[in-house]
Structure formats: C-alpha cells, structure tokens
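Inspection log for the structure reproduced underneath, given as structure tokens.
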Amino acid sequence: MAEVQVLASDGSVKKIDRDSKEGLQALRQTTALLLAAALHQQFDGIRLGADVASDDGFYVDSDKDDVQVSADELGQLEDGIKKFAKDDAKIERVEVPLADALAEVKNDPYQSELLKTAADNDKVALFKVGDFATVATEDVLCYVDVVKNFKVLSVAGAYWQGKSSNPMLQRIYGTVFYKKDALEDDLKARQEARERDHRVIGNDLDLFFVDPKVGAGLPYWMPKGATIRRVIERYIIDKEVANGYKHVYTPILMNLDVYKTSGHWQHYREDMFPPMDMGDGEQLELRPMNCPSHIQIYKHHIRSYRELPLRIAELGMMHRYEKSGALSGLQRVREMTLNDGHTFVAPSQILDEFKSILQLMIEVYHDFDINDYSFRLSYRDPKNTDKYFDDDEMWNNAQTMLKQAMDDMGLDYYEAEGEAAFYGPKLDVQTKTALGNDETLSTIQLDFMLPKQFDLHYIGEDGQEHRPIMIHRGLVSTMERFTAYLTEMYKGAFPTWLSPEQVKIIPVREDLHADYAEDLRKELAAAGIRVSVDHRNEKMGYKIREAQTQKVPYTLVVGDNEVKDSGVTVRKYGEEKQVSKSKQDFLDEILGDLSSYSRE
RNA sequence: GCCGACUUAGCUCAGUUGGCAGAGCAUCUGUUUUGUAAACAGGAGGUCGAAGGUUCGAAUCCUUUAGUCGGCACCA
C-alpha cells in the first residue's frame with residue numbers, strides 16, 4: 001500500500017493510503033493549488049477564485065475581466081504546474097494575521113472573501129508553494145512531486161460562489177492521477193463518453209433531430225426513434241393500467257386562470273410560454289405540467305372514499321420555456337411528453353400508496369435493466385421558504401412521511417435541501433448522463449397544496465366532505481429524456497424488445513434467394529417482429545457491415561443452404577459467430593427475448 | 001439566461017497571408033449477382049447559419065443576430 005502525507009488546514013499531518021478516496025482528493029486539491037500558482041505566476045494581476053477538488057478532477061476559478069485564458073494557453077499552464085511540482089517542492093502551512101493576508105490581496109475581492117470566510121480569531125491559515133500562497137481549506141499533499149500525471153482540460157464559465165446574481169468567472173478544469181495509466185484510462189473514458197452521447201448516437205442511428213430553423217428544443221422523432229418511443233409508451237401504459245391506473249387524454253391548452261389557481265403562474269411563470277391572448281379577454285396557456293388537467297378529471301364527479309386511491313395517468317405533452325443554455329438534445333427540451341400520473345388518496349393512505357408507487361417503479365426499472373441510480377429525498381430550502389408554498393406544518397409532515405416510507409422499505413437515499421417542487425417535497429431518482437451530469441429520471445411528489453387550491457374533496461364514510469392528498473409521479477420520466485437515457489445506457493445497441501429494427505434479412509443472391517427472404521420476412525412480421533429484407537444491389541459484406549453499424553440485434557443470411565434446409569443463419573449484433581438453425585428455433589429464440597425483455 | 005468556443009454538401013470534416021468552394025461517406029445512373037464489416041465507374045449536390053459593414057474582391061476581417069457544443073445557473 002502506497003502512502004502519502006497529507007497536510008490539513010489546521011496544520012496536522014497524517015499518512016493515508018494514496019489509493020483511497022481521500023488520497024485522490026488530496027492529489028486533486030494539490031494540483032488545483034499548483035494550477036492556481038501557475039495562473040498567478042503566468043498572468044500578472046490575475047484575481048483568483050477558489051481552487052477546488054471535484055468528484056472527477058479539479059478546477060480553479062479566476063476573474064476574466066483582466067485575464068482571459070484561451071484554450072491554447074492550457075498547455076503552458078501544464079508546464080507551469082510541472083515547474084512547481086519539482087522533486088524537493090513542499091506545500092507549507094503558514095498562519096498570518098488576517099489583516100496582513102488581506103493587504104496582500106487587496107485588489108482581489110475573491111481571495112479577500114475566501115480569507116475572511118476561513119479566518120479564525122483574526123488569524124488565517126495559508127498554504128504556500130514557492131512564493132504563492134492561498135487560503136488553506138481542504139487537505140493537500142505535503143510533497144508535490146507526485147503531481148505528474150495530469151491534464152488541464154478546458155476552460156468554461158462559472159458564477160462566483162455558484163450564484164447567478166454574482167459575476168461570472170472563468171473556470172479551468174483538469175484531471176489528475178497518481179499513475180499514468182489511470183490518467184490515460186480517464187482520458188479514454190472521457191472520449192468514450194462523447195461516443196455514447198445520445199445526440200451522437202441519435203444522429204448515427206437516425207433516431208431524432210432538432211432543426212434550429214423550426215425551433216430550439218423542439219425535437220423531431222424519426223421513424224426509428226419513434227418506434228423506440230412507441231414501445232416505451234405501450235409498455236408503460238399497459239403496466240400502469242394493470243396496476244390500477246386510469247389512463248386519460250387531456251388538452252395541452254388551458255385557460256390561464258387555471259394556472260393562477262394552481263399557483264404555477266405565481267411560482268413557475270418564468271418556465272412557462274407566454275399566454276396566448278385570444279382577443280376577447282380569454283387567455284390560453286400551453287401547459288407546463290399536467291396536474292391541473294388531472295384535477296379537472298377528479299373534479300368532474302363527486303368522489304367517494306370508496307374510489308380512493310384514485311389513480312389518473314396520461315402520457316401528457318407539456319411545454320416549458322427552458323433557458324436556451326439548458327437545452328440539450330432529448331435530455332432537456334421545450335416540448336416533452338411526461339409519463340405522468342396523479343394519485344388522489346385519503347390521508348391514511350399516503351404511506352401505502354407511496355410505497356406501492358415506488359415498488360412499481362422498481363419493477364419498471366428492472367424490466368429496462370436500469371441499475372445505476374440513487375434515491376434523493378428533495379426537501380424545501382429552509383433558508384429560502386418564500387420560493388415554496390407557505391405551510392410549515394405541511395412541509396414538515398410531508399418530509400417526515402417520505403423519510404419514514406424509505407426507512408420502512410429499507411432503501412438507501414440521501415437528502416437534499418432546496419430540491420423540492422414548490423408545492424411539496426419529493427423522492428427523485430437520480431441518474432447520470434453519458435457526460436456525467438446528474439439528472440432526475442423518476443419522481444414521486446407529495447402534494448397537500450393543489451387539493452386545497454382547487455378545493456378538492458371526497459365524501460367520507462361519515463358522509464362529510466374530506467380533503468384528499470395528491471401524489472404526483474413519473475415512472476419513466478418524459479419520453480424524450482427516457483429515450484435519451486436508454487440510448488446512452490445501451491450505447492444504441494437496444495435490447496431486442498426496444499430495438500427499432502429487430503431483424504435484418506440478407507439474401508445471398510437477389511435472383512435466387514429474394515423470394516425465400518420475403519417469405520421469411522412475412523412469417524416473422526406476422527409474429528409481430530420488426531423485420532426487413534435488404535434487397536439492395538450490394539455485396540453481402542456491405543449489408544452485414546451496415547446491419548452491425550446500425551446495431552440491429554439479429555442479422556439473418558439466407559442462401560442455398562438455408563433454402564434447402566428451410567432454415568436461417570443467424571448473426572447477433574456484436575458477435576462474429578454464425579449459427580444455423582431452423583426457422584422455428586429462431587422464432588422461439590426471438591420471441592423468448594421479447595417476452596422476457598431480455599437483451600440476449 | 002451567463003462565460004467561452006464553434007457553425008462550409010444529407011453526414012464527418014479540409015479550405016494557407018482576403019483572389020474561381022473541396023474530400024470521404026451517403027444519394028442517383030450504369031456495370032457487377034455477390035456466403036458474413038465497405039465491388040468498380042460516372043453524375044448530381046453548397047447564397048459557406050442569417051443580416052449589415054470594410055474592400056477592386058470576403059467562407060476568410062469587423063458589427064449585430066440565431067443556433068450548436070463545453071461549463072455555470074435553472075430543471076423531467
């Protein structure tokens with residue numbers, strides 16, 4: 001076990017395993033410090049923000065008004081880091097009076113702020129390397145000669161202290177490891193991440209496109225993408241109907257007054273498209289959420305306690321005016337169709353209904369083979385409560401209830417303040433995109449507010465009116481985001497049941513085998529399989545290659561041998577091996593795939 | 001929305017100090033009838049994102065604008 005000495009901000013020194021998480025973090029923090037030192041040395045008068053070790057590397061912020069670092073200057077910064085990382089170089093901790101430290105950085109508001117935050121009793125601890133010193137915060141390595149295998153990757157923008165009301169700084173990102181091959185693996189993984197990006201695959205496989213001339217964030221689903229979506233839609237509707245959901249269709253346009261009643265207009269307006277003024281005083285609004293629509297369904301009849309839980313669901317199209325910089329392929333769009341559902345329950349039913357929704361979600365994830373996710377309990381921000389519906393008791397009860405349900409079910413989760421919807425706390429299922437960004441896939445939200453706003457009630461056993469509670473839930477997210485997620489997860493090689501083209505038949509000779517190929521296609525199509533014959537005037541190798549690059553699960557070659565045996569020769573995606581079998585055996589195989597959602 | 005970079009044929013990309021807009025793949029036409037990852041030949045295809053400006057002359061320089069990408073902020 002290789003050990004490294006780390007220096008903490010309080011001056012204590014200890015040895016830790018360099019391959020531990022802390023060991024890597026200390027290396028990242030150290031490299032960030034050296035990058036800050038290099039920036040300080042190479043760019044006179046640069047004002048430095050924080051130097052930070054992140055989950056996948058490190059970064060340093062700096063003011064860009066006087067010094068704008070360009071992408072082609074990153075190499076010279078690497079050289080600068082190397083100069084600091086000499087054999088005998090050490091990071092030392094010094095403690096100085098705050099006033100002295102502030103005097104040193106009097107033209108740098110960011111360092112001043114960091115110093116003030118870190119100061120204790122008018123003294124502040126600094127980490128020093130060469131003649132560069134900055135605030136001591138996270139652990140660093142005592143000896144910096146291990147900073148060898150690193151790369152300065154990119155320059156981007158970031159708000160000072162993460163607040164959009166603050167000035168924007170430039171942020172320089174990098175990555176670092178103890179071992180050279182670990183660095184190379186990391187760089188390779190970053191490259192591969194780009195190759196599995198759903199926008200790249202979506203283009204290669206012709207799944208969808210966005211045309212800027214028509215509108216940003218408004219995707220077009222090409223036939224193959226539409227097929228994947230249709231499979232998802234049919235799957236989830238069947239699943240939900242089987243689990244007691246009533247599927248409905250509701251308008252995507254509603255009178256704006258409804259959104260004033262719901263509170264969306266007050267809390268969510270900046271994400272909504274502007275209302276359409278119809279000229280006669282009526283204002284119509286493109287809906288940003290489906291909940292008010294399902295509330296109308298609820299209110300259409302007088303409801304009895306016997307009907308609860310009442311589960312209303314819809315693949316609901318909605319429009320949100322997402323900020324231009326947030327748009328990204330199918331992941332963030334302005335028109336989306338959510339696998340939405342709202343359960344109306346009596347207070348005593350909340351816990352059980354929440355658990356049964358979560359159980360259903362876990363089943364669905366299993367069918368799609370989604371395993372890499374975490375549960376997040378999203379609470380309101382206690383320091384900024386005016387963003388949310390105002391009812392402290394409701395919030396506290398609901399948040400407690402969510403936590404209890406998760407604990408009862410024995411599921412791991414983490415808690416996040418400030419992530420709630422404006423009307424209530426929620427359970428979010430967090431996943432990562434190919435590029436490593438966090439995103440919410442599924443969500444289950446408790447809502448005590450909308451039933452009150454819309455004055456919902458049901459008749460209880462006692463013959464009196466009672467207020468139901470709403471649970472908002474999306475199991476497979478929006479069709480857009482879910483398709484994007486699956487595309488990245490499967491790298492475009494969808495399991496047979498989801499694959500837009502399941503079987504490609506290639507006749508060896510068009511003049512001799514086309515009829516057999518066509519008969520085969522008809523038999524498979526009759527069994528519900530998405531199949532086509534490649535009749536083009538091309539060589540077999542060409543057609544095989546295309547079937548592989550298009551990631552078709554099964555390629556069937558038929559020639560004299562197959563005609564004679566009334567069979568097929570099967571080549572699976574990603575395999576070179578060819579297996580000859582009877583038509584029936586192949587049909588059994590692929591139907592087995594479909595019924596089990598299998599990828600094999 | 002903010003910071004930076006980018007935008008050339010359906011796709012991926014060249015295009016030098018401003019001087020006649022290019023390649024590969026795809027598409028179309030022929031020839032070829034093929035047994036497991038790219039047959040051969042020929043043709044067609046672009047107001048260089050858009051609008052203004054500088055210049056004898058702009059894909060190239062300047063301004064504005066839209067979009068895309070990487071981040072940040074915001075979120076399904």
Side-chain angles (χ1 to χ4, degrees), chain A residues 59 61 64-65 68-72 153-173 194 197 199-200 203-204 206 209-217 268 270-271 288-290 316 318 320-333 336-340 378 419 421 426 428-429 431 435 437-443 445 472 474-482 484-485 506-514 537-550 555-562 569-571 575-578 580:
Chain A
Y59 60 80
D61 289 347
K64 61 187 165 39
D65 288 348
Q68 175 70 59
V69 178
S70 74
D72 39 282
L153 294 167
S154 58
V155 53
Y159 295 107
W160 167 238
Q161 294 185 325
K163 288 204 189 93
S164 58
S165 52
N166 282 344
M168 177 150 279
L169 308 180
Q170 64 188 339
R171 173 169 294 177
I172 298 174
Y173 286 93
R194 278 189 281 275
D197 188 316
R199 289 164 299 185
V200 174
N203 192 39
D204 290 347
D206 205 18
F209 69 91
V210 179
D211 183 348
K213 286 192 285 297
V214 180
Y268 203 71
E270 64 173 27
D271 292 300
M289 292 182 176
N290 305 310
M318 354 183 263
R320 298 183 182 176
Y321 193 76
E322 298 291 337
K323 303 218 172 42
S324 59
L327 299 173
S328 176
L330 287 180
Q331 258 149 12
R332 281 290 286 279
V333 292
M336 69 215 88
T337 299
L338 181 65
N339 162 232
D340 209 355
S378 301
E419 297 288 351
K426 52 184 182 159
D428 291 320
V429 183
T431 54
L435 294 184
N437 297 318
D438 268 322
E439 70 177 358
T440 303
L441 210 53
S442 307
T443 180
Q445 313 177 347
H472 309 238
L475 298 185
V476 293
S477 185
T478 60
M479 295 307 108
E480 289 75 14
R481 177 167 293 183
F482 199 63
Y485 181 79
I506 300 177
V508 174
R509 274 184 57 169
E510 186 66 21
D511 52 348
L512 299 179
H513 311 126
N537 177 17
E538 296 288 351
K539 297 187 79 161
M540 258 187 62
Y542 180 91
K543 297 181 184 178
I544 300 268
R545 178 173 193 274
E546 188 172 279
Q548 291 294 307
T549 57
Q550 290 292 303
T555 304
L556 305 183
V557 172
V558 294
D560 287 345
N561 300 334
E562 289 73 21
T569 295
V570 183
R571 175 170 170 157
E575 295 180 13
E576 287 182 29
K577 159 178 90 175
Q578 301 145 42
S580 294

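First the proteins, then the strands, lettered A, B, ... as listed; each starts at 1.
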Does a side-chain N or O of [X] approach OP1 or OP2 of [N] to a distance below 4.0 Å, or not?
X: A:Y542; N: B:A26; answer: yes
X: A:S324; N: B:G1; answer: yes
X: A:R545; N: B:U36; answer: no

- Query: Which distance, rounded to the nearest 0.5 Å, do you find between the OG1 of A:T555 and the NZ of A:K543?
  - Reply: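 NZ of A:K543 is found 12.0 Å from OG1 of A:T555.
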
- Query: Roughly how far, to the nearest 0.5 Å, is NE2 of A:H472 from CG of A:N290?
  - Reply: 10.5 Å

- Given side chains that start at C-beta, do those of A:S477 and A:Y485 come closer than 4.5 Å, heavy atoms only? no

- Between A:I544 and A:I506, is any pair of side-chain heavy atoms under 4.5 Å apart? yes

Euclidean distance, atom [atom1] of residue [X] to atom [atom2] of [N] [Å, nearest integer]:
X: A:E538; N: B:G30; atom1: CD; atom2: P; value: 14 Å
X: A:D511; N: B:U34; atom1: CG; atom2: C1'; value: 9 Å
X: A:L327; N: B:C72; atom1: CG; atom2: P; value: 16 Å
X: A:Y173; N: B:C3; atom1: OH; atom2: P; value: 16 Å
X: A:L435; N: B:U68; atom1: CG; atom2: P; value: 16 Å
X: A:Q550; N: B:A26; atom1: CD; atom2: C1'; value: 12 Å
X: A:N203; N: B:C25; atom1: CG; atom2: P; value: 18 Å
X: A:E270; N: B:A73; atom1: CD; atom2: C1'; value: 11 Å

Looking at [X] and [N], is any side-chain donor or acceptor paired with a base atom of the opposite kind under 3.5 Å?
X: A:E322; N: B:G1; value: no
X: A:Y321; N: B:G1; value: no
X: A:R332; N: B:C74; value: yes
X: A:T478; N: B:A76; value: yes

- Item | Residue met sooner reading RNA chain B from 5', once A:Q331 and A:R509 are mapped to nucleotides |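 Going by which nucleotide is closer to the 5' end, it is A:R509.
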
- For A:A421 and for A:L512, locate the closest nucleotide of RNA chain B by heavy-atom distance; then report the residue assigned to the nucleotide nearer the 5' terminus. A:L512

- Task: Could you tell me whether a side-chain N or O of A:Q550 sits under 3.5 Å from a main-chain N or O of A:D204, the two making a donor and an acceptor?
- Result: yes

Nearest of [options] to any side-chain atom of [X]?
X: A:N561; options: B:G35, B:A37, B:C75; result: B:G35
X: A:A156; options: B:G70, B:A37, B:A76; result: B:G70
X: A:R199; options: B:U33, B:C3, B:G70; result: B:G70
X: A:A326; options: B:A76, B:A37, B:A73; result: B:A73

- Message: Check this for me, if you would: do A:E419 and A:K426 make a salt bridge, where the nitrogen-to-carboxylate-oxygen distance has to be below 4.0 angstrom?
- Response: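 No.
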
- Query: If you look at every strand shown and take non-hydrogen atoms under 4.0 Å, does A:G559 touch a base, only sugar-phosphate, or nothing?
  - Reply: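 Touches a base.
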
- Message: What contact category does A:Q170 fall into here, base, sugar-phosphate, or nothing, at under 4.0 angstrom with non-hydrogen atoms?
- Response: nothing

- Task: For nucleotides B:U7 and B:A51, find the distance between their C1' atoms and express it as a whole number of Å.
- Result: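 Looking at atom C1' only, B:U7 and B:A51 are 16 Å apart.
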
